[in-house]
Amino acid sequence: MWDMMPRVASSLSDSEIEQAAQRYAAEPPPSPIPAEGSLNLARGIFRHGLPQKGVPACSSCHGSRAQGQGIYPRLAGQNPFYLLIQLHYFKNGLRRDKRAAIMQHIAKSLTGKEMHALAEYLASL
Ligand code: HEC
């Protein structure tokens, strides 16, 4: 999936890149070893979604072990910082390749804390 980065980057303007960089610089980096509380939060979202916010279970597309299937990329074991950045890209409409619309919708409903927890959890799988 790293091979997507140049394609993503080339679709962004300089000011979009600048804005994104500032946002990530303000955030604590995700940890490869999630804390217990965030682990439970993320595991719940991964398996059951957030029905009250209309967020479907991540596992329903990405697979029960986040192993990926068909057009749904593997999330398990990916670099936590990479995963977090992708979620921010989706949320802010900066990643807008062909199939990004579904993830844009999902990420818009997630808080920063939820995305952070998910990135750490998925990286730990
Ligand atoms: C309805 C299906 C669906 C659900 C549910 C879903 N995703 Fe996705 N996800 C996708 C698709 C399709 C892509 C690929 C998008 C693209 O090609 O730009 C994707 C891509 C991603 C990526 C980028 C991976 C990479 O290697 O670049 C991340 C991170 C991600 N999803 C996280 C999540 C999380 C976290 C959840 C649960 C909150 C979730 N997804 C739920 C369909 C889904």
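Atom set for the values below is all heavy atoms of this structure, side chains included, hydrogens, waters and symmetry mates excluded. Along the sequence shown, the residues carry numbers beginning at 1. Numbering of ligands and ligand atoms starts at 1, following listing order.
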For residues [X] and [Y], determine if any side-chain heavy atom of one lies less than 4.5 Å from a side-chain heavy atom of the other.
{"X": "Glu114", "Y": "Lys53", "answer": "yes"}
{"X": "Ile106", "Y": "Phe90", "answer": "no"}
{"X": "Ser38", "Y": "Glu120", "answer": "yes"}

key: Candidate pair Leu83 and Leu118, rule side chain to side chain contact (heavy atoms under 4.5 Å, CB included), full reasoning   = CA-CA 8 Å; Leu83 291 171; Leu118 281 160; over 6 Å; no
Any idea which atoms of ligand 1 are less than 4.0 Å away from a heavy-atom of [X]?
{"X": "Ile106", "result": "4 (C), 5 (C), 6 (C), 38 (C), 41 (C)"}
{"X": "Arg95", "result": "16 (C), 17 (O), 18 (O), 23 (C), 25 (C), 27 (O)"}
{"X": "Ala57", "result": "5 (C)"}
{"X": "Pro73", "result": "13 (C), 14 (C), 19 (C), 20 (C), 24 (C), 26 (O)"}
{"X": "Cys61", "result": "1 (C), 2 (C), 3 (C), 4 (C), 5 (C), 43 (C)"}
{"X": "Ser60", "result": "5 (C)"}
{"X": "Pro56", "result": "5 (C)"}
{"X": "Leu83", "result": "29 (C)"}

task = Verify whether one side chain among Gln104 and Arg96 offers a donor that lies under 3.5 Å from an acceptor in the other.
result = no
note = Within the 4.0 Å heavy-atom cut-off, what Cys58 brings close to ligand 1 is both
ask   = At a non-hydrogen distance cut-off of under 4.0 Å, which region of Ala119 contacts ligand 1 (side chain, backbone, both, or neither)?
value = neither
key: Close N or O approach (Arg74, ligand 1; < 3.5 Å)   = no
Contact flag Met103/atom 8 (Fe) of ligand 1, N/O/S atoms, threshold under 2.8 Å = yes
task = Just do the side chain to side chain contact (heavy atoms under 4.5 Å, CB included) check on Leu87 and Met103 with the steps written out, would you?
result = CA-CA 8 Å; Leu87 290 172; Met103 282 309 304; 4.0 Å; yes
note = The option among Phe90, Tyr82, Tyr121, Tyr72 carrying the non-hydrogen atom nearest to atom 12 (C) of ligand 1 is Tyr72
request  = Would you indicate which of His62, Arg99, Gln78 comes nearest to atom 26 (O) of ligand 1 when only heavy atoms are counted?
outcome  = Gln78
query = Salt bridge check: are Arg99 and Asp97 linked by an N-O gap of less than 4.0 Å?
reply = no
query = Any sub-3.5 Å donor-acceptor pair from Gln69's side-chain atoms to Arg74's backbone N or O?
reply = no
Crowding at NZ, Lys108 (>12 non-hydrogen neighbours, <6.0 Å) = yes
